[in-house]
Number of protein chains: 2
Amino acid sequence: MPEIATRLAQAGLEIPAESLSDLTRYPMNAVISLGGCTASFVSPDGLVVTNHHCAYRSIQYNSTEDRNLMETGFLADGRGEELFAGPGSRILVTVSAEDVTPKILGGLADDLAGYERYQAIETREKQLVAQCEEDAGHRCRVSAFYGGLQYVLIKQLEIRDVRLVYAPADGVGNYGGDVDNWMWPRHTGDFSFYRAYVGPQGEPADHDAANVPYRPKHYLRVASRGLKRGDFVMVAGYPGRTNRYRLADEVESAFEWTYPERSEAFRKWLDVIETETADDAEARIKYAGRVSGLNNALKNYQGMMESYAKSDVVERKRALEQALGEWIRADATRQARYGTALAQLQQLVKRDLAQRERELYYEFLARRSDLYSAARTMYRLSRERQKPDAEREPGYQDRDVQRIRERMTRMDRTFDPDVDRAAWRTALTAYAATAPSQHVEEFDAWFGFAGTSVDEAALDGRLDEMYGKTGLADAETRMAWLDAEPDEFRKSDDPFIRLAVAVYDRDLQLEREEKELAGEFDVARPLYMESLIAFRKSQDRTVYPDANGTLRVTYGHVEGYSPRDAVYYEPFTTVAGILEKDTGVDPFDAPRGLLEAIEKRRFDGYADGSIGSVPVDFLSDVDTTGGNSGSPTLNARGELVGLLFDGTYESIIADWDFLPEVTRSIHVDIRYALWVMDNVDGADALVEEMGVRTESTAER
Amino acid sequence: MPEIATRLAQAGLEIPAESLSDLTRYPMNAVISLGGCTASFVSPDGLVVTNHHCAYRSIQYNSTEDRNLMETGFLADGRGEELFAGPGSRILVTVSAEDVTPKILGGLADDLAGYERYQAIETREKQLVAQCEEDAGHRCRVSAFYGGLQYVLIKQLEIRDVRLVYAPADGVGNYGGDVDNWMWPRHTGDFSFYRAYVGPQGEPADHDAANVPYRPKHYLRVASRGLKRGDFVMVAGYPGRTNRYRLADEVESAFEWTYPERSEAFRKWLDVIETETADDAEARIKYAGRVSGLNNALKNYQGMMESYAKSDVVERKRALEQALGEWIRADATRQARYGTALAQLQQLVKRDLAQRERELYYEFLARRSDLYSAARTMYRLSRERQKPDAEREPGYQDRDVQRIRERMTRMDRTFDPDVDRAAWRTALTAYAATAPSQHVEEFDAWFGFAGTSVDEAALDGRLDEMYGKTGLADAETRMAWLDAEPDEFRKSDDPFIRLAVAVYDRDLQLEREEKELAGEFDVARPLYMESLIAFRKSQDRTVYPDANGTLRVTYGHVEGYSPRDAVYYEPFTTVAGILEKDTGVDPFDAPRGLLEAIEKRRFDGYADGSIGSVPVDFLSDVDTTGGNSGSPTLNARGELVGLLFDGTYESIIADWDFLPEVTRSIHVDIRYALWVMDNVDGADALVEEMGVRTESTAER
């Protein structure tokens, strides 16, 4: 930390760097997880700000054909009108992070490997989590760093009653939509507000009218001065996953096989959803979230593949592996400790890649149909329940049952049997076309698949039967199955359940093989990382751990960049750009009131003097990734200046290969959020709750 | 001139401003016209530089399926190997420009109007031209300025033996093709070289092996130092046409009717050519020039319509007309002279617009089929020949016959009967669908058109007969018709000739009606312009005349611009950008040798120190338009620094409405041309002929 503190101060941080390493202090304690997104407390009454796209599922959950909140936006008329964000919505406040490496790895024999090692580590993790969760209302997990070189126990307060307070219209919150996604210049007002509710005693509780707003220990203060180019900024959040230390072979396989294959599969999936929902507005709302997610993933893959095509990342990786090997061989002690690390890891990677086709296409089958997925999950749960809780598979312990229940409830809002069937059919024919060695016999038997060709009529007959006969499309039926015994599943004539039962043993065996391999990786990857860290240290360079969903902070500056020869992207967009882009047609269809306010320059103190307009979004060179969405962007004094919501197209490959010249994060400027709220959407009460003086405050 | 001289000096001009107004001195005398494009002499031996796209027709003319110079480029191996640029290729050197307004308008009665006025002016113009052309080897014309307020007699030396010396491959000269056309950043090496040849005594002569290189009075010197941002530049050339002083109604009609209608017609035409040439490489080469022209026009219209949609130009025009009217009414003398000028012009515009549909669709018919066009031209020529030369329609006088002959010869290289028929059929059905009031009875009778519906089978039958029976696809047959008498036409059974004869009288009558209207405009437009000039003068503003194809100079500076919110376009592109863009697929398919030279940074003294690379293209804010293509760009010392070849997308509307903030011209940097020639294409002999020291010069 002292070393980093010096660097932070040099970069422009004005508060003590130590305050950033204490997760119980301002500002880190105000930074919370939504599970997949980041958010932050911005008032003493538990008001939470995050991205519009992070609240999208809640907006969708509360929308109907007649009252489409995605289109209109939503502002609660007082606290009583705040809308339940939906089952499964969570706010997680990080309470502590403890290094538990000795507790996880201590005493494990060096030669304990494969499945046994995997099981030993998992058992210890489950024990630590169980102990930690004895503190009611908390959720704990053990996170691995550097591929398993270090383990940290993370404890989080879990708030289960989350309510939607305010979301601007899609024409603000999703302005530019899929067209502008990952793009700059950007004019998206990607902000929305939740409120955390707890039981009357302040304890986490299920959604209930009697609950009261949560009073957080800390909440972020809004900056009184706006940002400008070159200013120090930092982003605190829960970045999901990066792969910066993968081997050359892994990178090559990801970009030359996995991303292209997934892209094709996703494109087909998207086509199916679009075709099936074309004449069905209700179904369109149900699948809006998934469509948006698929489009996002597709553009993400596309961006990565484009960057990869122009990049020499594989060559650099190979050169690094070569240089590392030479450095190790140059010293007997190093050779003794790390001599086989790289070769061993390469061997495991080779084994892993040999089954990539089955992993992709067979596993897609369990994700592409909500009905099949439900049947599998519920049967697995019934089987796991036969064991003592501590011995069950993570995800099927008592602590997980409520989430499964919520998922099964929520499914109705995002499921349509015709779409489900069409999507699954596409996945089934894609699976059937894979090499026979990548097939699963029991699954093929159910559908009568033989070789790689498909009897289309027979497949349709089977699907007619399955979708005609199943009861799992009905929420009450699903609820009943959640408590059923394995024997009841085995006797069921529901076709989805029968299929889940039929493939169960074989799937478990595949899972065991995967754990066997994972156990080998648990030895090889940490040793490789240790050697890499030592090598980089010898070059006076630091190896930052890959992102793994834990709370961390990254810093940098407000900076534009040159995406290509003779083009420079300025770091700020302004509301004038909305007038330029607006066509009146989605996704460039801003609300009339917003356009008018821009045309008439009603900026009411939110304009930036130097640009003479209200800033909308800005760029910085901070290092972020998925999961960081909704993260507060803080200035040098630790005050809220914006929300991170995206990276530029050229930055997508940064998950694998960070190139400082072109990697930029995209933030919405808090001044734009406040101006829209105060000036366009009439949400000035919220602006004031955040401690910002509005015109109406001034009038009082 | 003194006023402009001061402004030029302030802008950065380092040579006397007077040198720019003398067309017989350096540098203006070196600036020549190719008829539609500009070029300049760059060596004492008549070496001419212009744009690649201006030489495209010559490159195409010399290409065959086996020896595709468009793809490979061309470099003559010594002067004997220089290729005839094709019949009709011309180099025009402006010799003098004389104000002949009194000779044209002197003594014309104020109330002489309509057809009589038109004829009177035309007769005087023809007399002046005939006198002027008594000086053999010269071409003269009278150009109107300010809509006819001023007339200038332009005299040009006409060099008829033009030869292709060097053209880079399409992968350089047309890099980016239609995709990058009108776009920035740009990486097009839009340069090619001709040489002017004359008879042994130095007189203009038809193409002949005995001809010798022309020795121009002046030729441009290449700048020894490169340009940088902010530098003064000027462009001398022959800009074609601008419409800056049109009335609001004319602008509205152009943008809301003409451009959309023409766009649709051109798109269909293009589709037909693409379909018909899909499996015919020979035909594709023949129509390459037309396809490129149509794509260019389409993108041009699209750009104008997009700018127009965002613009308030019509409102500004109306406001100007209002303000002008008020200014005139405020003073009795002004009222007496200009009181009716605007209303009168508006009235004429209304009459003109009433027949816009016929003008567009009926006139397209005569342009869309080369066979029909040939038949009409040749019959008209035979009829005009019956009159004394001085009384003939301009374009059909003795002085025009050689050009007609060349056009009829050249046609073989750009004509295919199947494509011609398909394109004409599309134009015929579009014409048939226009309002009956816009039809021409005699034409309808030939095709059996009635009302607005088309009997497709009957139309196909007629076309089968016409294309089956005509002899005009044969060059020798055409040559014979060029000398035929009207009676021979009348007796011909060639269907195209029969149609031309059938509509002749009616077309002449329509032409007379148009001249009648033009004669009215000849009174009204100059009066309006005179009032506008006086009004602007009262505001201390200058009204520059619209471009009309005469030699003029425009100046400005090297500057980037912001095309939209948060994006800034730098004024220089570099060769590094070619590597970024190159996909190996046309139009981003640079020659291997070029890519290698960039990769290996073999810049050999052509790199710019400040950008550390070879500049390719640059932007300036000079005011240019079509016809300026190929114009030399000169620095403050009057030295060659580049060639103008395009404007940016945001600048296209400048023909109607000049907006200084976003209007930018695009130039190729002479350093890029020299580097490609010297380093990639082995054209170092030409570089040396231009007086530039190359590596091989240094070695000697």
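All chains are named by letter (A, B, ...) in the order of the sequence lines, taking the proteins before the strands, and each is independently numbered beginning at 1.
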Student: Between chain B and each of A:Gly560, A:Gly577, A:Ala566, A:Ala309, count heavy-atom pairs under 4.5 Å; write down the option with the most.
Tutor: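 The residue among A:Gly560, A:Gly577, A:Ala566, A:Ala309 with the greatest pair count is A:Ala566.
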Student: Which one, B:Lys310, B:His187, B:Lys581, leads in non-hydrogen pairs under 4.5 Å with chain A?
Tutor: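 Counting heavy-atom pairs under 4.5 Å, the top option is B:His187.
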Student: State which residue, out of A:Thr574, A:Leu579, A:Val616, A:Ile578, fulfils the side chain to side chain contact (heavy atoms under 4.5 Å, CB included) condition with B:Asp565.
Tutor: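 Exactly one option meets the side chain to side chain contact (heavy atoms under 4.5 Å, CB included) with B:Asp565, and it is A:Thr574.
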Student: Which bit of B:Phe572 is near chain A, if near means a heavy-atom gap under 4.5 Å: side chain, backbone, both or neither?
Tutor: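 For B:Phe572, backbone heavy atoms alone lie under 4.5 Å from chain A.
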Student: Any chance CZ of B:Arg225 has more than 12 other-residue heavy atoms, nucleotides or ligands included, within less than 6.0 Å?
Tutor: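 Open: at most 12 neighbouring heavy atoms sit under 6.0 Å from CZ of B:Arg225.
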Student: Look at atom NZ of A:Lys299 and say whether more than 12 heavy atoms of other residues, nucleotides or ligands are closer to it than 6.0 Å.
Tutor: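 Counting neighbours around NZ of A:Lys299, more than 12 heavy atoms of other residues, nucleotides or ligands fall under 6.0 Å, so yes.
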Student: State whether the number of non-hydrogen atoms from other residues, nucleotides or ligands found under 6.0 Å of A:Glu256 atom CD is greater than 12.
Tutor: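 More than 12 within 6.0 Å, yes.
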Student: For the CD atom on A:Glu661, are there more than 12 heavy atoms of other groups (residues, nucleotides or ligands in this structure) within a distance under 6.0 Å?
Tutor: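 Open: at most 12 neighbouring heavy atoms sit under 6.0 Å from CD of A:Glu661.
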